[in-house]
Amino acid sequence: MKKISLKVGFLVFISIFIIDTVLFFFLHNGIIHSRVDEELMSLKARGNNHRDVLEESFKEETLQHIVLMESQSDTDVVITDQHGKVIASSDTIDDEIIQELSKKILSPPRDGMVLEDNWKQEQYLSTVSPFFINAKNNGYVYMFKRTDKVQELISRLNEHFFLAGLLTILFMIITILILSKVLTTPLIKMKEATKKLSRGDFTVTLPRLGNDELGELGQGIQLLAKDLNYIKQERNEFLASISHELRTPLTYIKGYADISRRKNISEEERATYLNIIYEEADRISLLVKDLFDLAKFDKNSFTIMKEKINLSEMLQAIYQKISPAFINRNVQLEMHCSSKIFIDADPVRFEQVLYNLLDNALKYSEAESKTTVEVKKINQNIHIYIKDQGKGIPKEDLPYIFGRFYRVDKSRSRALGGTGLGLAIVKEIIEAHGGTISVESSLNNGTCFEIIIKENKE
Ligand SMILES: Nc1ncnc2c1ncn2[C@@H]1O[C@H](COP(=O)(O)OP(=O)(O)OP(=O)(O)O)[C@@H](O)[C@H]1O
Ligand SMILES: [Mg+2]
């Protein structure tokens, strides 16, 4: 199950094991070498000592004295003449060995030399120091040390190394177990959390996992769960709104279609009903078009074809088309825009924005009031104000009016024919242009929308 902990553990184990083995190998070899070197040096020093004594007084007595000294220690001495004949010996060292060794020396330095250092295979470590009497080579002092002592020492050292190695491995395993647990437990928790998410269960709670990358990942997953939950709720609400919005006109259509089917109604009545059916169908088709636009925003497949636009020309064109509706409702419409203001925008989409905002201004205004469109250039930006003297929007509704299907007064707006998608589309379009839109309103006094968009200066 915990595959990652196995993997991490195995990798760490192998790497530490290799490092340890190499380290131990060098340490072990170093210790043995210096140990054997030490033995050889002290052996040679001892031999040199005897040589000095012999050079000072080469007498039978001195020989006896040296032999006696050596028979009491764990080293042995053999003294030969210049031809290799043994003249004194502290132990029964084979003559053959001496013969063998004497072949190795041609002219050993006065300071002595090592003859045998192979502690593994040979029985003795040995050194030789020549002694001179009257500046003439008079013989050799051979020193011996049994290698079994050294071997014993080294096997003890090996035992220690083995024990240390075993302890290291044990310690390593424990550390790795703890480490992999610390590392992998949060990972496993996150894996389970994401599994839960993919099953559609968004009630994920991860414990705080610290400030490192793991902690950040955990927080990321938590945030994702929250967002997904929000999206799910929003989608549900959205679907509920859509079906509600569609049901109402469809009920009308069905009802009036049923009545107009009857034979016993007058032509005039039938025409009225058919008219209502037509209007409701129109409403549905508008709604579907708006929804389609919004869906395109959600999919990011909405393409904005920007062009350099002369804002005052665009406003004039809009004025031509929309002013009859204002005149009809007896609402005054004014536009102020200098002729040299240019922006980069998709003409169709940008017109849609202004239409939606002016449509709202008219819809939510009383007769005799005034709606003004004003364009100002502030720094590098163009500010467009659409200001009416209508009913205004209550403070508590202001944050939501750009939401989909949001209407301040459901019954009131229903009568006016709105669906609550207009401002949602406006906001999406403005943001797709890289601009911002904000609103200020006071109840019964009027509302002012402000669009800020970058100026095209070329
Ligand atoms: N100028 C305004 N004056 C007063 N209230 C407004 C104004 N503009 C918008 N509102 C309020 O904000 C709500 C949302 O506006 P929006 O344009 O999104 O929807 P709608 O006008 O109701 O319907 P649609 O524009 O889709 O036909 C409106 O229902 C209205 O209550
Ligand atoms: Mg509207």
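Order of listing sets the numbers, starting from 1, for every ligand and every atom in it.
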Next item on the list: Using a cut-off of strictly less than 2.8 Å, determine whether Asn360 has an N/O/S atom near the Mg ion (ligand 2).
Entry: yes

Taking only heavy atoms of [X] into account, list the atoms of ligand 1 that are under 4.0 Å away from them.
X      : answer
Asp388 : 1 (N), 2 (C), 3 (N)
Val408 : 11 (C), 29 (O), 31 (O)
Tyr406 : 13 (C), 14 (C)

Note to self: When you measure from the heavy atoms of Asn356 to every atom of ligand 1, does any distance fall below 4.0 Å?
What the structure shows: no

Check: Out of curiosity, is Gly392 lining ligand 1, as in a heavy atom under 4.0 Å away?
Finding: yes

Next item on the list: Return the set of residues passing side chain to side chain contact (heavy atoms under 4.5 Å, CB included) with Leu153 (not counting sequence neighbours), or none when no residue passes.
Entry: Arg35, Arg156

Next item on the list: Answer with yes or no whether the side chains of Asp344 and His433 bring together a donor and an acceptor at under 3.5 Å.
Entry: no

At a non-hydrogen distance cut-off of under 4.0 Å, which region of [X] contacts ligand 1 (side chain, backbone, both, or neither)?
X      : value
Lys363 : side chain
Thr419 : both
Leu423 : both

Notebook entry, point to check: For Thr75, which of Glu39, Lys149, Arg146, Arg46 qualifies under side-chain contact (heavy atoms from CB on, under 4.5 Å)?
Noted result: Arg46

Below 4.0 angstrom, N of the basic side chain to O of the carboxylate: do [X] and [Y] qualify?
X      : Y      : value
Glu334 : Lys370 : yes
Glu269 : Arg262 : no
Arg199 : Asp201 : no

Item checked: Donor-acceptor contact below 3.5 Å, side chain Asn445 vs main chain Gly392 -> no

Check: Considering Asn360, Leu286, Asp290, which one's heavy-atom position lies nearest to atom 9 (C) of ligand 1?
Finding: Asn360

